Amino acid sequence: SISMGAHHGTGQDDGQIVFKTAENVHSSSTGLQERVRILSNGGITFNGDTATANALDDYEQGSYTPLSSGPSIGITINEALYTKIGNRVWVDVDLVFATNSSSSHCRITLPFAMSANNHYGSGLAGWTDFGDGVKIHVGGATAYLMKMDNTIAGNQHLSFGDMSGKRIIAGFYYETA
């Protein structure tokens with residue numbers, strides 16, 4: 001069953017579209033259960049939830065151009081993709097940092113600004129020609145590349161000079177939606 005608006009006997013259409021299903025709609029119209037609702041103010045809710053705060057109100061995917069954050073370091077971008085669902089962003093990048101001697105922390109820009117509510121993100125370099133593993137920490141609107149070494153206390157930031165070469169990175173973070 002698909003209904004347009006929730007009239008509730010008022011004769012007024014509230015602008016919502018509701019989709020309901022039942023096990024056997026041919027034998028009875030009772031037992032219909034709401035599966036999807038398109039809210040009049042935007043967003044989609046599921047399984048009877050009508051709260052705007054719970055509505056899926058944004059979906060986007062595309063490519064972007066990551067830049068070095070801080071010093072200008074040459075980056076060859078083989079691929080840089082993102083998927084944004086609600087306020088969560090996933091990024092997948094395949095890039096090569098030019099050979100350099102910079103001692104600045106290795107950071108790259110992201111496709112959307114990071115949430116200011118201390119919702120940090122993280123990720124891993126799935127392929128790297130750096131000897132040790134590389135983890136990603138999202139903070140301050142950039143992705144920091146850090147040494148994956150849990151035996152040393154504190155942050156183990158890598159420099160752009162350390163990261164010369166190819167990196168395939170995946171991670172997620174919260175944006176300011």
Side-chain angles (χ1 to χ4, degrees), residues 36-47 49 51-177:
V36 176
R37 177 182 297 257
I38 300 174
L39 301 176
S40 59
N41 59 349
I44 301 171
T45 59
F46 302 94
N47 300 318
D49 187 349
T52 302
N54 296 337
L56 174 60
D57 61 356
D58 194 8
Y59 176 86
E60 181 179 336
Q61 59 183 12
S63 61
Y64 82 107
T65 303
L67 303 171
S68 61
S69 181
S72 179
I73 303 295
I75 299 176
T76 300
I77 302 163
N78 297 321
E79 187 171 61
L81 305 173
Y82 69 87
T83 301
K84 180 178 177 293
I85 303 173
N87 68 346
R88 183 71 72 92
V89 181
W90 286 264
V91 293
D92 293 286
V93 297
D94 177 349
L95 44 80
V96 178
F97 289 100
T99 300
N100 67 87
S101 59
S102 174
S103 61
S104 295
H105 290 164
C106 186
R107 300 179 301 165
I108 59 171
T109 59
L110 299 166
F112 300 96
M114 186 185 109
S115 170
N117 296 326
N118 293 325
H119 294 289
Y120 296 101
S122 63
L124 294 171
W127 190 94
T128 176
D129 53 12
F130 180 68
D132 294 321
V134 175
K135 62 185 175 181
I136 311 304
H137 168 73
V138 177
T142 58
Y144 289 84
L145 280 66
M146 303 170 73
K147 185 176 182 180
M148 188 178 297
D149 184 349
N150 295 328
T151 63
I152 300 172
N155 295 328
Q156 299 297 309
H157 290 278
L158 294 167
S159 71
F160 279 108
D162 291 332
M163 294 307 292
S164 299
K166 184 176 179 80
R167 307 288 173 258
I168 299 176
I169 301 166
F172 75 94
Y173 66 102
Y174 292 92
E175 66 93 32
T176 58

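All values derive from a computational prediction rather than experimental measurement. Start at 1 with the first residue, then count along the sequence. Values reported hereafter were calculated over all heavy atoms of this structure, with side chains retained and with hydrogens, waters and symmetry mates removed.
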K.L.:
Using the side-chain contact (heavy atoms from CB on, under 4.5 Å) rule, take D92 and Y82 through it: C-alpha gap first, then chi angles, then the decisive distance, then the call.
P.N.:
CA-CA 6 Å; D92 293 286; Y82 69 87; over 6 Å; no
K.L.:
When you compare the side chain of N78 with that of L95, does any pair of heavy atoms fall below 4.5 Å?
P.N.:
no
K.L.:
Please report the shortest heavy-atom distance between V93 and Y64, naming the atom on each side.
P.N.:
CG1-OH, 3.7 Å
K.L.:
Less than 4.5 Å apart, side chain to side chain, heavy atoms only: is that true for V138 and S122?
P.N.:
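No, too far: nothing below the 4.5 Å cut-off.
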K.L.:
Salt bridge check: are D94 and R167 linked by an N-O gap of less than 4.0 Å?
P.N.:
no
K.L.:
Identify the two heavy atoms, one from I75 and one from S68, that lie closest to each other, and give their separation to 0.1 Å.
P.N.:
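It is CD1-N, 3.5 Å.
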K.L.:
Tell me the closest heavy-atom pair linking L39 and T52, and the distance in Å.
P.N.:
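Distance-wise, the nearest heavy atoms are CD1-CA, 4.1 Å.
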K.L.:
Using a 4.5 Å cut-off on heavy atoms from C-beta on, say whether the side chain of T142 contacts that of I108.
P.N.:
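Side-chain contact under 4.5 Å: no.
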K.L.:
Taking the side chain from S63 and the backbone from L81, do they hold a donor-acceptor pair closer than 3.5 Å?
P.N.:
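Side chain of S63 to backbone of L81, a donor-acceptor pair under 3.5 Å: no, none is there.
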K.L.:
Show the numbers, then the answer: is there a side-chain contact (heavy atoms from CB on, under 4.5 Å) between K84 and E175?
P.N.:
CA-CA 9 Å; K84 180 178 177 293; E175 66 93 32; 3.1 Å; yes
K.L.:
Using the side-chain contact (heavy atoms from CB on, under 4.5 Å) rule, take I77 and T65 through it: C-alpha gap first, then chi angles, then the decisive distance, then the call.
P.N.:
CA-CA 7 Å; I77 302 163; T65 303; 3.5 Å; yes
K.L.:
Between T109 and S69, which heavy-atom pair has the shortest distance, and what is it?
P.N.:
CG2-CB, 4.4 Å
K.L.:
When you compare the side chain of L145 with that of I169, does any pair of heavy atoms fall below 4.5 Å?
P.N.:
yes
K.L.:
Between CD1 of I168 and CG of L124, what distance do you get to the nearest 0.5 Å?
P.N.:
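I168 CD1 to L124 CG: 13.0 Å, rounded to 0.5 Å.
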K.L.:
Which heavy atom of V89 sits nearest to which heavy atom of P111, and what is that distance?
P.N.:
CG1-CG, 4.2 Å
K.L.:
Would you say that I85 contacts W90 through its side chain, given a criterion of any heavy-atom pair below 4.5 Å between the two side chains?
P.N.:
yes
K.L.:
Centre-to-centre under 6.0 Å for Y173 and F112, is that the case here?
P.N.:
no
K.L.:
Is N100 reaching over with its side chain to a backbone N or O of G161, donor-acceptor style, under 3.5 angstrom?
P.N.:
yes
K.L.:
Can you tell me how far apart CD1 (I73) and OG (S102) are? Round to the nearest 0.5 Å.
P.N.:
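Separation between the atoms: 4.5 Å.
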K.L.:
Applying side-chain hydrogen bond (donor to acceptor under 3.5 Å, both in side chains), name anything that partners E79, two or more places apart in sequence or on another chain.
P.N.:
none
K.L.:
Could you measure the distance from the CZ atom of R37 to the CD1 atom of I44? Nearest 0.5 Å is fine.
P.N.:
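One finds 13.0 Å between CZ of R37 and CD1 of I44.
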K.L.:
How close do A55 and G42 get, counting heavy atoms only, and between which atoms?
P.N.:
CB-O, 4.5 Å
K.L.:
Taking atom CG of N54 and atom CG of D49, what is their separation to the nearest 0.5 Å?
P.N.:
4.5 Å
K.L.:
As a quick check of understanding, evaluate side-chain contact (heavy atoms from CB on, under 4.5 Å) for F172 and T83, giving each step before the final call.
P.N.:
CA-CA 9 Å; F172 75 94; T83 301; over 6 Å; no
K.L.:
Going by the angle between their ring planes, with limits at 30° and 60°, are H137 and Y144 parallel, tilted or perpendicular?
P.N.:
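H137 and Y144: tilted rings.
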